[in-house]
2 protein chains.
Amino acid sequence: MTARPANAHQARLLRLLRDGGPNSRARLGDEVDLSRSKLAVEVDRLLETGLVVADGLAASRGGRRSHNIRLAPGLRFLGIDIGATSVDVAVTNAELEILGHLTQPMDVREGPVAVFEEVLTMVGKLRDSGLAEGFDGAGIGVPGPVRFPEGVPVAPPIMPGWDGFPVREALSQELGCPVRVDNDVNLMAMGEQQAGVARSVQDFFCVKIGTGIGCGIVVGGEVHRGTTGSAGDIGHIQVDPEGRRCACGNRGCLEATFSGAALARDAESAARDGRSPELSSRLERAGRLTAADVAGAAAAGDATSLDLIREGGARTGQVIAGLVSFFNPGLVVISGGVTGLGHTLLASIRTQVYRRSLPLATGNLPIVLGELGQAAGVTGATRLISDHLFSPA
Amino acid sequence: MTARPANAHQARLLRLLRDGGPNSRARLGDEVDLSRSKLAVEVDRLLETGLVVADGLAASRGGRRSHNIRLAPGLRFLGIDIGATSVDVAVTNAELEILGHLTQPMDVREGPVAVFEEVLTMVGKLRDSGLAEGFDGAGIGVPGPVRFPEGVPVAPPIMPGWDGFPVREALSQELGCPVRVDNDVNLMAMGEQQAGVARSVQDFFCVKIGTGIGCGIVVGGEVHRGTTGSAGDIGHIQVDPEGRRCACGNRGCLEATFSGAALARDAESAARDGRSPELSSRLERAGRLTAADVAGAAAAGDATSLDLIREGGARTGQVIAGLVSFFNPGLVVISGGVTGLGHTLLASIRTQVYRRSLPLATGNLPIVLGELGQAAGVTGATRLISDHLFSPA
DNA sequence: CGTCTTTGTCCTGGCGCTGGAGAAAGTCTG
DNA sequence: CAGACTTTCTCCAGCGCCAGGACAAAGACG
């Protein structure tokens, strides 16, 4: 079992070293407001536990050079991101820098046993490639609501068979290290907060448009999970009373109108109706269409594809506008599999939000694409577990 | 200047005495996890400052009777709630029990100077009636966004002339005590949390349907104000793309479709068109109609009024359903001037929310009317200032 | 009236922290 | 290159805080 900090001071120091990299005692002292002696004592204790190690001399600040310290270079965290149609696994060091990353297409509906098997194979590969001998902690995201304290999915609509499956317990057994489980969108938000566009933003949300649509909410720097762990589930907000029937039983849900799945469906239908030669030819080649095809067609100037994206962006923007009025965030991040749709989508969303929300709320509100892409989820997962391990036992 | 607690322990004790009433050292010791000696020291210091006083002997718990202590009985907090069309002022003791309460119709658009004059007159009346000699703190709510740290309204749509007016500074000067300013809806939420239906709920929101529509958001027991102080501004979420034009410039805003003002407007129009004899006769008697008339007519069985309420409730429920999906609260409180519409409105809102949001979010979600009515705002205001004063200096 | 329980006070020993003194290690200037 | 200045780091004395035991006070109970 890896050591844990014994008090809040040590936890604070560990997080500073995680987020700011190796540093000297003197500089750490500038940030934590402890007396030199106290700081020295706590650092010495951390050195004893092995969580941090000496790391040579720092550059001089005009006097005696100080001894750097850093988080133990051998620490390894595992980030696992189970999406609807793929699995990502990554290894990071204690500074949450990704050392190795694997992606594998996989349908989450195959159930927890099959998915776990795949995940463990991928973990094995990463281990065999020499990146890690063992793991000090793992974070895992699943595409559905999670009862966070227990680390168990609850009533997940798109992942039958996972309801109540003891993800945390099982994974902890297999890996022999502490594990935390969260919703994949929450982790994506944490990833952008840790290493992406949302650094230093206290209140924001992160809209993930992938197979479905979800939203990670950060309030005061902390993820808001809601009473039953289903906060951020915006895919079934109604955008059109006359809209399509959704799998959830209602009409005109955002997710039924625009999402990776809905976009592919609409593109295929446009291709069949002959409304877009570009899409038709792509359909003929591949046998089916995906959001990526629409992105490609749009990039090639296909008007129908551009319209689909604009229309979807407008619907999404309509929902986001409402949430912005309600929540008044300092930033909105758009991310997920549809990043290929990029700036066309973004422009369309922005138009709606800036038009519909009040000036006070939008006046200084950046709406941006996430900058981590595939890495957001796994980065957030390692952030989740490291936050846990770098807190007093 | 009233004394302030010197540390977090004292602050904790003061809040326990505020929320739990007079208590003995022994019982307090059961709750705060301090050694007897430490507790005795802190209590003695509080006694020295005069914030708490001895209050006789408690009942025996099977041994020596203990000496009760309570918050100083002479402490007085002032709660001021400035609504769009009325002003409420109340005096409470340190336990936030209302000792005196005045209401006065007043249009906030008359501007800060006129409103302040009125408020000070009301305060004078309360003082003269012997309820208080001076005030130890005051909380004030205004119907618009507030830059909370400075206590200044920002860009308030319905209160021209208030933008940038230094409410906190000015009131503090006049009253000679510390003052905190917040949005009126946030205070209403805090009121229900302090003394109403939301006691012990950590995550909820409180929808106020009055002249306009707003929403107080509580996350983890704390009010969420948003980046620019405009969080909860849900009146301008679009509910109908083809709907009425709203004062904000958009179409189909919730507030344009249903609110105290919209309801009165629709009722008058129904009365003129002869769709409702009941409303017509009320219009004839009074010259104009208000939400209260609609409530009265509905109580008398008027079908048109009932339809108006049902339709409005459905629109409101539609918006709340979306917010419930997003936020996953543990409770939704409906309050404000329309409480007269009561259970018809509530039923209509519930129907929408339970139908539209996912079962996981609504499974155990009470949607209830606020139980404090007029007192919610002023209670929240005194809670605001007492939270401030009962925190370490 | 004696015993038991609860409450409140006093006191001692221990722990942890602050901040000064001073040594160690470097930079910089003439 | 020597000496002065700066920064870093260690050591230590002294102070303050606090836990927890001993004991006294007050009352319940039989």
Over how many whole Å does the gap from [X] atom [atom1] to [N] atom [atom2] extend?
X        : N       : atom1 : atom2 : value
Asp30(A) : dT8(D)  : CG    : P     : 8 Å
Asp33(A) : dG19(C) : CG    : C1'   : 14 Å
Asn7(B)  : dC18(D) : CG    : P     : 8 Å
Lys38(B) : dG14(C) : NZ    : C1'   : 16 Å
Leu39(B) : dC17(D) : CG    : P     : 16 Å
His9(A)  : dG16(C) : NE2   : C1'   : 10 Å

Could you point out which residue of Leu71(B), Asp136(B), Leu75(B) forms a side-chain contact (heavy atoms from CB on, under 4.5 Å) with Leu51(B)?
Leu75(B)
With side-chain contact (heavy atoms from CB on, under 4.5 Å) as the test, pick out the partner of Leu171(B) among Val181(B), Ile80(B), Val123(B), Leu78(B).
Ile80(B)
Is the closest side-chain heavy-atom distance between Arg199(A) and Asp19(A) below 4.5 Å?
no
Below 4.5 Å, heavy atoms only, C-beta onward: do Pro366(A) and Leu331(A) meet side chain to side chain?
yes
Given that Leu57(A) and Ser35(A) both sit by DNA chain C, which one's nearest nucleotide is further toward the 5' end?
Ser35(A)
Testing Arg15(A), Arg70(A), Arg76(A), Arg383(A) one by one against Glu95(A) for a salt bridge (charged side-chain N to carboxylate O under 4.0 Å, His left out), which residue passes?
Arg70(A)
Which class fits the ring pair Phe390(B) and Phe77(B): parallel under 30°, tilted 30 to 60°, perpendicular over 60°?
perpendicular
Footprint string (nucleotides 1-12 of chain C, 5' to 3'): B base within contact, S backbone only, - free, heavy atoms under 4.0 Å:
----BBBSB---
